Amino acid sequence: MKEINAAEFDSEVLNGGKVVLDFYSTECPPCEALAAKFEDLSHLYGNDIKFLKMYRQGNRELAEKLGVKSSPTLLFYDNGKEAGSRLTGGIKRSEIIRNLDSMLTAGRVQEIRSQIKPSVSEFDVIILGAGPGGLTAGLYLCQSKINTVLIDIALPGGHVSTTHEVSNYPGFIEPQAGYMLSHNMSEQTKLCGTIYKVAVDVTSVDLDKKEVVIDEYETVKAKRIIIATGTTPNLTGAPGEKELKGKGISYCATCDAKYYNDKDVIVIGGGNSAVEESEYITRFARKLTIVHQFDRLTANKQAQDKVFSNPKINIVFDSEPRVFTREGDRIITEVENVKTKERQKLVTDGVFIFIGMKPNISLFRDKLELDQWGYIKTNDDMLTSVPGVYAVGDVISKKYRQITTAVADGTIAAMAIAKEID
Ligand SMILES: Cc1cc2nc3c(=O)[nH]c(=O)nc-3n(C[C@H](O)[C@H](O)[C@H](O)COP(=O)(O)OP(=O)(O)OC[C@H]3O[C@@H](n4cnc5c(N)ncnc54)[C@H](O)[C@@H]3O)c2cc1C
């Protein structure tokens, strides 16, 4: 694997051969999660495909010329031409493999696969998800000397690692950078001795057998499972959103706001996340327009006050995005007033979307009792409808989703399990 700069792009990338190029940024948790997978895959595919990295902040001009608008972005080249599909955001190992395989013959893919050896490991408890809920459960279990493994598809930290500032977590007088708070939580749990398997793909989960398969070939077994998989941002569903994701539409302000220095952006949403992240984005952007579906913001009063007194921010109420398109470097967001049905086109450099969340339950949806919104039902001990399977944090059915409530859930599940195993 090699780090290159813009001056080397022609000779290293366009000059023939098969290449995968990772445009990364600093302070970007999805970039760090990708780095671990990228490094690992470079050992498997490195004889056939060149693995290159480029620092996006240091090579902005080239990144912009190539239309790279989000970090991380993976580009694939075969004989000097872009091949496969661009990957951005929380990139799965299986997506990278699919693109790499498409550049090789079936026989060569078979040979590479045969180098991977299946493995099995056993623990007392598997925790799925290393956000505040999972990390706290891991800490308590570890301190009870219970053999625990934390599995996460990204790096530890969950949503906190991509929140620019947290001011309501007790114990800190000053607001804390989200990535530092999550880093400290993770280090505390790791130093205790909890085993981490992070930045992996979770291939399958068998809640009855308590077995999780990761990266297709590694089986992890346990006596109990804690589900702490949190939530994922909702999409607006408007045409053009999927196509422009990572090409001007972003869901992560800490990852991408810094690229909008002196530029115009739109934020879709009006709740706490939208309003707090808007405030952060205006540290960089020249002008920010919040587009919100109701006639008033739904964020808390303190967050609203900041937005109303910020001269860079204006708000378009009662409106929803209908179509996203791109013209050159600009994103056109067509918004409709839900009352008058009038449409207007807002032309900006980028769009950030913060319109709520949905629970991450796709791997076990059919096995568990859920509430009407798809969140997992638990009892007072955080036990789900499946014996030996607990759930904590944002993924469960509850009224308030905060870091403090997630760590409380993690504590309860771990203490209940420790008592049971005793
Ligand atoms: C923009 C934003 C700002 C916020 N600001 C604040 C704030 O200031 N104060 C506050 O208290 N709360 C805040 N919150 C809410 C807070 O972040 C959450 O309540 C909290 O992170 C929930 O923790 P969790 O462990 O349940 O889930 P998460 O933090 O969502 O972590 C879930 C973890 O599970 C992993 N995962 C997902 N699917 C799988 C799978 N199939 N297998 C394995 N792992 C998986 C994810 O990668 C992630 O690491 C904010 C949220 C957002 C989005």
Side-chain angles (χ1 to χ4, degrees), residues 29-30 33 70 88-92 94-95 127-134 151-155 157-163 178 182 201-202 204-205 207 225-246 249-256 267-277 291-294 298-299 320-322 324 351-378 382 384-386 389-403 405-406 409-410:
S70 186
T88 65
I91 300 170
K92 288 185 180 167
S94 54
E95 292 173 323
I127 301 173
L128 281 175
I151 297 174
D152 200 303
I153 54 173
L155 289 183
H159 280 313
V160 184
S161 58
T162 54
T163 302
S182 60
D201 278 4
V202 175
S204 65
V205 176
L207 295 182
I225 292 183
I226 299 178
I227 299 169
T229 47
T231 53
T232 296
N234 282 329
L235 306 185
T236 66
E241 180 179 9
K242 280 196 184 141
E243 293 74 12
L244 293 175
K245 181 181 165 212
I249 294 186
S250 171
Y251 303 82
C252 175
T254 50
C255 304
D256 296 324
V267 166
I268 312 281
N272 273 342
S273 298
V275 166
E276 283 163 8
E277 298 305 280
V291 174
H292 184 44
Q293 61 183 158
F294 302 126
T298 49
E320 290 179 348
R322 290 288 174 250
F324 297 102
V351 176
F352 288 83
I353 298 176
F354 305 106
I355 52 162
M357 303 285 176
K358 59 173 186 294
N360 293 323
I361 52 158
S362 58
L363 288 169
F364 25 74
R365 176 178 282 118
D366 302 337
K367 283 278 167 194
L368 294 164
E369 202 180 325
L370 307 174
D371 70 12
Q372 58 179 310
W373 294 283
Y375 289 86
I376 302 172
K377 282 191 176 178
T378 56
M382 303 295 141
T384 68
S385 54
V386 178
V389 176
Y390 293 72
V392 303
D394 282 7
V395 76
I396 70 165
S397 177
K398 61 177 174 182
K399 247 182 170 174
Y400 303 112
R401 293 190 173 81
Q402 286 286 282
I403 305 169
T405 58
D409 296 346

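Values below: all heavy atoms of this structure, side chains included; hydrogens, waters and symmetry mates excluded. This structure is a prediction, so every number in the text was calculated from the model and none was measured.
T163 contributes no side-chain N or O that, together with a main-chain N or O of G178, makes up a donor-acceptor pair within less than 3.5 Å. The backbone N or O of S397 lies less than 3.5 Å from no partner atom in the side chain of D371, so there is not a single donor-acceptor pair. Distance alone, capped at 3.5 Å, is enough to place a donor-acceptor pair between the T384 side chain and the V389 backbone.
S70 is linked by a side-chain hydrogen bond (donor to acceptor under 3.5 Å, both in side chains) to D256, counting only residues two or more places apart in sequence or in another chain. Annotation: salt bridge (Lys or Arg N to Asp or Glu O under 4.0 Å) contacts of K92 (sequence neighbours excluded): none. Partners of T231 under the side-chain contact (heavy atoms from CB on, under 4.5 Å) rule, at least two apart in sequence or in another chain, are H159, M357, Y375, D394. Annotation: side-chain hydrogen bond (donor to acceptor under 3.5 Å, both in side chains) contacts of T298 (sequence neighbours excluded): none. The side-chain contact (heavy atoms from CB on, under 4.5 Å) search around N272 returns E276, A299, N300, A303, not counting sequence neighbours. Scored by the ring pair (Phe, Tyr, Trp, His ring centres under 6.0 Å) test, Y390 finds no partners at all (sequence neighbours excluded). Residues passing the salt bridge (Lys or Arg N to Asp or Glu O under 4.0 Å) test with E320, sequence neighbours excluded: R322. For K377, the salt bridge (Lys or Arg N to Asp or Glu O under 4.0 Å) test picks out E369, with sequence neighbours left out. Applying the side-chain hydrogen bond (donor to acceptor under 3.5 Å, both in side chains) criterion to E277, with sequence neighbours excluded, gives H164. Not a single salt bridge (Lys or Arg N to Asp or Glu O under 4.0 Å) links D152 to another residue, sequence neighbours left out. Residues that satisfy the side-chain contact (heavy atoms from CB on, under 4.5 Å) test with I361, not counting sequence neighbours, are P359, F364, R365, L370, I376, V395. For T405, the side-chain hydrogen bond (donor to acceptor under 3.5 Å, both in side chains) partners at least two apart in sequence or on another chain are K398.
A side chain to side chain contact (heavy atoms under 4.5 Å, CB included) with V291 is found for exactly one of I268, V267, T236, namely I268.
Of all the heavy atoms in V160 and P132, the pair that sits closest is CG2-CG, 3.5 Å. Between A238 and P321, the shortest heavy-atom distance links the atoms CB-O, 3.9 Å.
The shortest distance between side-chain heavy atoms of L235 and I353 does not fall below 4.5 Å. When side chains are defined from C-beta on, L155 does not count as touching P29, because their heavy atoms never get closer than 4.5 Å.
A parallel orientation is assigned to the rings of F352 and F354, their planes being inclined by less than 30° (bins at 30° and 60°).
Other residues, nucleotides and ligands contribute at most 12 non-hydrogen atoms within 6.0 Å of the NZ atom of K367.
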* Asked: Step by step, would you call L207 with I227 a side-chain contact (heavy atoms from CB on, under 4.5 Å)?
  -> CA-CA 10 Å; L207 295 182; I227 299 169; 4.3 Å; yes

